[in-house]
Every structure is written in C-alpha cells, then in structure tokens.
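In the text below, chain A, chain B and the rest are named by the order of the sequence lines, each starting its count at 1. All values reported here derive from a predicted model rather than from experimental measurement.
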2 protein chains.
Amino acid sequence: MADGYHHGNLRAAVLERAAEVITEKGPYGFSLRSLAADLGVSHTAPRYHFGSREGVLNALATEGFTELADRLRINRDARGGFLEAGVVYVDFAIDFPAHFTVMFEPSLLDQDDPGLRAARVAAFAELRSGVESLAEEGRGVADGPAAVVAGWSIVHGLATLALTGNLDVSGVRELFGDTDLPTITRRSAGLLFGPSDPPPDNEVE
Amino acid sequence: MADGYHHGNLRAAVLERAAEVITEKGPYGFSLRSLAADLGVSHTAPRYHFGSREGVLNALATEGFTELADRLRINRDARGGFLEAGVVYVDFAIDFPAHFTVMFEPSLLDQDDPGLRAARVAAFAELRSGVESLAEEGRGVADGPAAVVAGWSIVHGLATLALTGNLDVSGVRELFGDTDLPTITRRSAGLLFGPSDPPPDNEVE
DNA sequence: GTCCGGAACTATACAGCGGCAAGTTACCAC
DNA sequence: GTGGTAACTTGCCGCTGTATAGTTCCGGAC
C-alpha cells in the first residue's frame with residue numbers, strides 16, 4: 001500500500017497524530033496542515049478521510065466515547081461497583097486526554113453526526129448504570145437524581161481539573177504528597193455515599 | 001474621547017464582545033479580526049491593548065478569577081458555609097460562561113502573566129476556605145485533603161457539565177424536571193458531607 | 001499659540017490556516 | 001489493456017494572527 005503516493009493507513013495515522021498534538025498544545029493548537037506535514041502527505045490528504053477539521057475531532061470524540069463505554073462495561077461485568085467506575089472514568093481521562101477534552105467540548109464538534117450520537121448515548125448509558133450500581137451495594141441514597149449528578153460531577157470534575165493542570169497549579173495536589181490519582185479518586189468520591197477511611201500519616205495537613 | 005478616530009473605551013468593549021462571542025461559539029470560534037470588525041475599528045486595534053489574541057483571553061481569565069474571588073469572599077463574610085460556596089461557584093460559571101471556560105483551559109493562556117497568577121492565587125485561597133468552613137459547621141471529615149478535592153471537583157464538574165450542555169444531552173437534566181441549577185447543586189453537593197433531604201414528588205424517577 | 005510627546009488608533013504586508021475544485025497515481029476487476 | 005475507483009496532489013481562495021510603520025488627537029510646557 002505505502003507506495004510513496006498512497007500512505008496506506010492515513011486515517012489511523014491522522015487520528016493518532018491529532019491526539020498527540022491536542023494533548024501537547026490543546027485543540028486550538030491543532031491544525032490539519034501541520035498535521036499533514038508531520039505525516040509527509042499533502043495538506044488536503046486528511047480532508048479526504050474526514051471531510052473537514054471538525055470531522056477529525058468528531059472521529060476522535062467517537063473513538064473516545066466507544067473506549068469509555070467499553071471500559072465501563074468491563075468494570076460493570078466485573079462487579080466493580082460505583083467507586084471503581086469512577087476510577088475507570090478518571091483513568092480514561094488520563095490515558096486519553098485529547099479524546100476526553102474533545103468529547104466534552106461540543107463547540108468543537110458536529111453534533112448531528114449519527115456515529116458520534118450513538119457512541120455518546122452508549123457511553124452515557126454505561127455511566128448511569130455505574131451510579132445506579134450503588135443500590136446493589138446496599139448504599140442506595142434517598143435522592144436518586146442527585147446521586148447521579150453528584151457521582152458524575154465529582155469524577156468529571158476531578159478528571160477535568162487533573163487534566164488541565166489545575167490540581168497542581170492550585171496547590172491542592174500537594175495536600176496528597178505523592179499519592180496517585182486513582183487513590184485520590186477513591187478517597188474523594190468515597191466521601192459521597194458512605195464513610196471513608198482516614199488518610200495515611202505521610203501527608204501534609 | 002470617541003472622536004471617530006479614537007474609540008475611547010476599546011479595551012472594555014473588546015472584553016465584553018469577546019465574552020459574548022466565546023459564549024456563543026466557544027473559545028475556538030473567537031477571532032480578533034471579526035471582533036474588531038464588530039466594534040468598527042481596524043483589525044489591529046485590539047492588539048494595541050492586549051498584545052495578542054492570547055492577551056485578550058488572559059485578561060478575561062484574570063477578570064474571571066477576580067470576580068469569583070469576590071463572590072466567594074462575600075459568601076464567607078455572610079457565613080454562607082460550604083454548600084452555599086458551591087452554589088456561588090456554579091452560579092458564577094452560569095453568569096460568566098466565557099470567563100469560566102477560559103479560566104480553566106490553560107492551553108489558551110499565557111501562564112507567566114503575573115496579573116493572571118495573582119488573581120488565580122487569590123481565588124484558590126477563597127475556594128479552599130470555602131471547603132474548610134465545613135469544620136465550623138461541625139461536619140468536619142476525617143480526610144481533609146480528600147474533602148477539599150471532593151468539594152471542588154463536584155462543583156467544578158457540575159458547572160462544567162452544565163455549561164457545555166452535557167447535562168442536557170446526556171438526559172441527566174430530565175431527571176430533575178424543571179428544578180433550577182442552584183437547587184440541583186445543593187441537593188447533589190449536599191450528598192457529600194451529610195444527610196440530604198429527600199427529593200420532591202414532582203420528578204421523574 | 002505653537003510645539004512636542006505620548007496614547008490610541010490605522011494601513012500595509014506576510015505566512016499559515018481551512019475549504020474547494022480539478023488533476024494525478026496506483027491498483028484491481030474484467 | 002481498458003475502465004473504474006480509492007487515495008492521494010496541486011493550485012487557488014478568503015480568512016486569520018502577527019509585525020512594522022505611519023496617522024490622529026489630546027494635553028502640558030513654554
């Protein structure tokens with residue numbers, strides 16, 4: 001395939017490189033032309049596969065929702081429960097920062113894309129089932145809707161703050177010493193619906 | 001001042017219009033040139049006041065941190081407590097959506113700007129004091145650092161999800177009927193550190 | 001009153017960008 | 001070998017941010 005004229009696997013290569021660039025410089029720093037130059041193809045080659053710049057971002061978001069849904073489903077099948085679903089959510093954001101950023105920034109996307117809509121619906125369904133698993137854990141709360149919002153908000157907020165560096169720049173991260181993010185997630189989200197373990201001794205207070 | 005040549009109050013006008021555009025089309029749909037055209041000045045006029053496109057966004061972010069700190073301080077002076085500090089945070093995001101978006105997206109900003117740093121430090125100090133007011137409420141939690149992260153994350157996550165429209169598009173908003181956002185905030189964040197009120201009857205379950 | 005300096009703009013130029021239309025290459029089926 | 005099609009390239013357009021040089025206007029010094 002890769003014969004000097006045809007790249008052979010351009011679609012996948014574009015998505016991979018786009019994710020790298022967005023991770024480094026944010027969605028605004030991502031340009032189709034410099035991306036094409038990086039891959040050694042003409043500046044309109046990506047357009048053939050994605051139609052537009054927005055098309056690349058849509059593809060990334062779709063990939064992201066699919067991956068997130070997969071991970072949440074695996075956790076559900078393993079009876080991971082609410083807290084571990086939260087860890088899965090935050091871990092996903094750290095593993096796929098560019099995808100996560102694009103997924104939740106609708107101004108970057110074409111909302112009418114059916115593929116995107118379907119992937120998002122599937123992911124949201126898994127997400128809600130994660131919070132609803134609280135009932136199975138015998139920790140059901142009186143205010144169901146509030147529990148869904150609280151559960152989603154706390155992990156989404158934590159993921160967003162960690163990803164954008166605001167956890168570090170605010171000094172909040174220092175409070176935890178060198179505790180890793182999954183542990184921080186468990187301890188913080190654990191405050192939501194039940195008693196939490198006391199913090200270890202090796203931390204700043 | 002406004003003599004046909006000199007605008008007279010261009011700096012403020014640029015910030016106001018920039019906030020409008022970003023609110024409508026997101027931070028990536030905002031262009032200096034179209035903004036200058038809207039205001040009837042040459043396309044380099046904004047550059048005189050802000051140096052660059054980034055400079056406009058930095059000014060917006062600085063304004064935002066200052067406003068947020070002010071609101072949080074007023075709540076603290078009024079002994080509003082943790083939950084109302086959370087409502088203040090979410091309300092701020094709704095009242096100043098463009099500012100909020102830019103404030104927490106570092107890839108849009110020049111982090112070395114001293115004015116921005118100072119405003120952010122002041123706002124974060126107020127923020128932490130909001131969570132720490134939990135102790136005064138006699139609802140102190142064993143895990144202090146986790147409480148700070150949990151408190152901030154839940155309101156930041158809720159504000160972000162509401163602002164980006166993800167609360168609506170996910171169907172989560174429907175669970176609350178036409179309940180307003182401050183109430184949703186109180187009920188959700190209220191699950192964090194204490195018992196919550198049961199939901200009213202007029203909601204979907 | 002006029003001279004001068006600085007603040008607040010405009011004019012012009014340039015490279016990089018996304019999108020579009022038309023042309024090119026390589027393969028594959030027949 | 002011929003036709004068709006998928007995967008590209010080339011050339012162009014208007015828009016964008018940035019840089020530099022020039023213009024307008026106000027205010028104070030004298």
Side-chain angles (χ1 to χ4, degrees), chain A residues 1-22 24-61 98 102 105 107-113, chain B residues 1-22 24-61 98 102 105 107-113:
Chain A
M1 256 300 193
D3 49 40
Y5 191 95
H6 296 85
H7 179 282
N9 198 18
L10 186 56
R11 196 192 138 87
V14 164
L15 288 177
E16 185 182 356
R17 180 70 189 139
E20 286 176 18
V21 173
I22 293 174
E24 282 173 31
K25 301 194 287 182
Y28 183 75
F30 150 69
S31 100
L32 277 185
R33 284 179 107 107
S34 70
L35 198 141
D38 290 346
L39 298 175
V41 294
S42 77
H43 65 270
T44 52
R47 216 177 100 73
Y48 174 78
H49 293 278
F50 299 98
S52 68
R53 185 189 130 103
E54 202 179 49
V56 178
L57 299 174
N58 262 57
L60 273 181
V102 171
E105 187 53 69
S107 69
L108 294 172
L109 304 173
D110 172 19
Q111 304 294 333
D112 295 335
D113 176 11
Chain B
M1 258 303 193
D3 47 41
Y5 191 94
H6 295 86
H7 179 281
N9 198 18
L10 185 55
R11 195 192 140 86
V14 164
L15 289 176
E16 185 182 356
R17 181 67 189 141
E20 286 176 19
V21 172
I22 292 175
E24 282 173 30
K25 299 192 288 182
Y28 310 103
F30 148 70
S31 101
L32 276 184
R33 283 178 108 109
S34 71
L35 197 142
D38 290 347
L39 298 175
V41 294
S42 77
H43 66 271
T44 50
R47 219 177 97 74
Y48 174 78
H49 292 279
F50 299 97
S52 68
R53 186 192 129 101
E54 202 178 50
V56 177
L57 299 174
N58 261 56
L60 274 180
V102 172
E105 188 53 68
S107 68
L108 295 171
L109 305 173
D110 171 19
Q111 303 295 333
D112 294 335
D113 177 10

K.L.:
For the backbone of B:Leu32 and the side chain of B:Arg47, can you confirm whether one donor and one acceptor N or O come within less than 3.5 Å of each other?
P.N.:
no
K.L.:
Using whole Å, what does the distance between atom P of nucleotide D:dT18 and atom CD of B:Glu54 come to?
P.N.:
8 Å
K.L.:
Rounded to the Å, how far apart are B:Arg33 CZ and C:dT12 C1'?
P.N.:
11 Å
K.L.:
Taking the minimum atom-to-atom distance to the side chain of B:Tyr48, which one of C:dA7, D:dC8, D:dA19 wins?
P.N.:
C:dA7
K.L.:
Is there a donor N/O on one and an acceptor N/O on the other, under 3.5 Å, for the side chain of A:His43 and the base of D:dT10?
P.N.:
no
K.L.:
How close do A:Ser107 and B:Gly26 get, counting heavy atoms only, and between which atoms?
P.N.:
OG-CA, 3.9 Å
K.L.:
Tell me, yes or no, whether the heavy-atom count around A:Glu16 atom CD, taken from other residues, nucleotides or ligands under 6.0 Å, exceeds 12.
P.N.:
no
K.L.:
Where the side chain of B:Ala45 is concerned, which of D:dG17, C:dC20, C:dT10 is the nearest nucleotide?
P.N.:
C:dT10
K.L.:
If you take all heavy atoms of B:Gly29 and B:Val21, which pair is closest and at what distance?
P.N.:
O-CG1, 4.1 Å
K.L.:
Starting from P on D:dC8, measure out to CZ on A:Phe50 and report it in whole angstrom.
P.N.:
11 Å
K.L.:
Are any non-hydrogen side-chain atoms of B:Leu57 and B:Phe30 less than 4.5 angstrom apart?
P.N.:
yes
K.L.:
Rounded to whole Å, how long is the line connecting atom CG of B:Leu35 with atom P of D:dG17?
P.N.:
9 Å
K.L.:
In whole angstroms, how far is the P atom of D:dT18 from the CG atom of B:Asp110?
P.N.:
12 Å
K.L.:
Expressed in angstrom and rounded to an integer, what is the separation of A:Leu32 atom CG from C:dG19 atom P?
P.N.:
6 Å
K.L.:
Roughly how many Å is it from CZ in B:Phe30 to P in D:dC15, rounded to a whole number?
P.N.:
18 Å
K.L.:
Any idea which of D:dT18, D:dC8, C:dC9 is nearest the A:His49 side chain?
P.N.:
D:dC8
K.L.:
Please state how far atom CZ in A:Arg53 lies from atom P in C:dG19, giving the value in whole angstrom units.
P.N.:
8 Å
K.L.:
Report yes if a side-chain nitrogen or oxygen of B:Ser31 is closer than 4.0 Å to either non-bridging phosphate oxygen (OP1 or OP2) of D:dT16; otherwise report no.
P.N.:
yes
K.L.:
Ignoring hydrogens and angles, answer whether the base of D:dT10 and the side-chain atoms of A:Thr44 contain a donor-acceptor pair closer than 3.5 Å.
P.N.:
yes
